[in-house]
Amino acid sequence: QVQLVESGGGLVQAGGSLRLACTASTTTFSINAIGWYRQTPGNQRELIANISAGDSTNYSNSVKGRFTISRDNTKSTVYLQMNSLRPEDTAVYYCHGEFELAGYILYAWGQGTLVTVSS
């Protein structure tokens, strides 16, 4: 009953910036929490940023100080602002959400968006 769609990926040079967006297909459910993950071939999917109720945020050490996660509940959208990008940030980025309606909880993954950082 909820779908997530990522957008904003692309090719940038090292030191550049991108802003990713994760948009829900319905406004019926409220967003309790959204996590941004990334994955490269041969590696596990890594949680890099999370935002929960009350706009509490957490970041992995690899992105802390460079990436910022934020939410706009009126648009059912969560953003990931990525600054000072490095080639090591190249990956497919996914969002994962926890949604709630009248105490009913469900989870969803987005389809992923590719970020490529050139040296």
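For clarity, every value in this text was computed on a predicted model and none was experimentally measured.
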Exercise for the section: Write down the atom of Gly9, the atom of Val115, and the distance for their closest heavy-atom approach. Expected result: CA-CG2, 4.1 Å
Practice task
Looking only at non-hydrogen atoms, find the nearest pair between Thr40 and Ala91 and report the distance.
Solution key: CG2-CB, 3.6 Å
Practice task
With side chain to side chain contact (heavy atoms under 4.5 Å, CB included) as the test, would you mind laying out the steps for Arg71 and Asp55 before giving the verdict?
Solution key: CA-CA 8 Å; Arg71 65 195 296 175; Asp55 290 338; 2.9 Å; yes
Hey, any chance [X] and [Y] share a hydrophobic cluster, counting ILVMFWY side chains that come within less than 4.5 Å of each other, even indirectly?
X: Leu106; Y: Leu101; value: yes
X: Val2; Y: Tyr104; value: yes
X: Ile51; Y: Val5; value: no

Handout entry: Those residues that, when tested against Arg45, pass salt bridge (charged side-chain N to carboxylate O under 4.0 Å, His left out) (two or more places apart)
Key = none
Could you tell me the separation between the [atom1] atom of [X] and the [atom2] atom of [Y], rounded to the nearest 0.5 Å?
X: Ile31; Y: Thr77; atom1: CD1; atom2: OG1; result: 7.0 Å
X: Ile105; Y: Phe29; atom1: CD1; atom2: CZ; result: 9.0 Å
X: Gln81; Y: Thr68; atom1: CD; atom2: OG1; result: 7.0 Å
X: Leu85; Y: Ser118; atom1: CG; atom2: OG; result: 10.0 Å

Handout entry: Pairs flagged by disulfide (SG to SG under 2.5 Å) wherever residues 51-93 is involved - sequence neighbours left out
Key = none
Would you be so kind as to tabulate the donor-acceptor pairs closer than 3.5 Å made by side chains of residues 11-20, with sequence neighbours excluded?
from: Ser17; atom 1: OG; to: Asn83; atom 2: OD1; distance (Å): 2.9

Problem - Atom CD of Glu46 with >12 non-hydrogen neighbours under 6.0 angstrom - result: yes
Handout entry: side chain to side chain contact (heavy atoms under 4.5 Å, CB included) against Cys95, all qualifying residues, sequence neighbours excluded
Key = Leu4, Glu6, Cys22, Ile34, Trp36
Handout entry: Any pair counted as ring pair (Phe, Tyr, Trp, His ring centres under 6.0 Å), so long as it reaches residues 56-84, sequence neighbours left out
Key = none
Problem - Glu100 backbone acceptor or donor facing Ser30 side chain under 3.5 Å - result: yes
Practice task
Sort out for me which residue in Asn61, Ile69, Leu80 forms a side chain to side chain contact (heavy atoms under 4.5 Å, CB included) with Ile48.
Solution key: Leu80
Completion exercise
side-chain hydrogen bond (donor to acceptor under 3.5 Å, both in side chains) pairs touching residues 86-96, sequence neighbours excluded, are Arg38-Asp89, Arg38-Tyr93, Arg66-Asp89
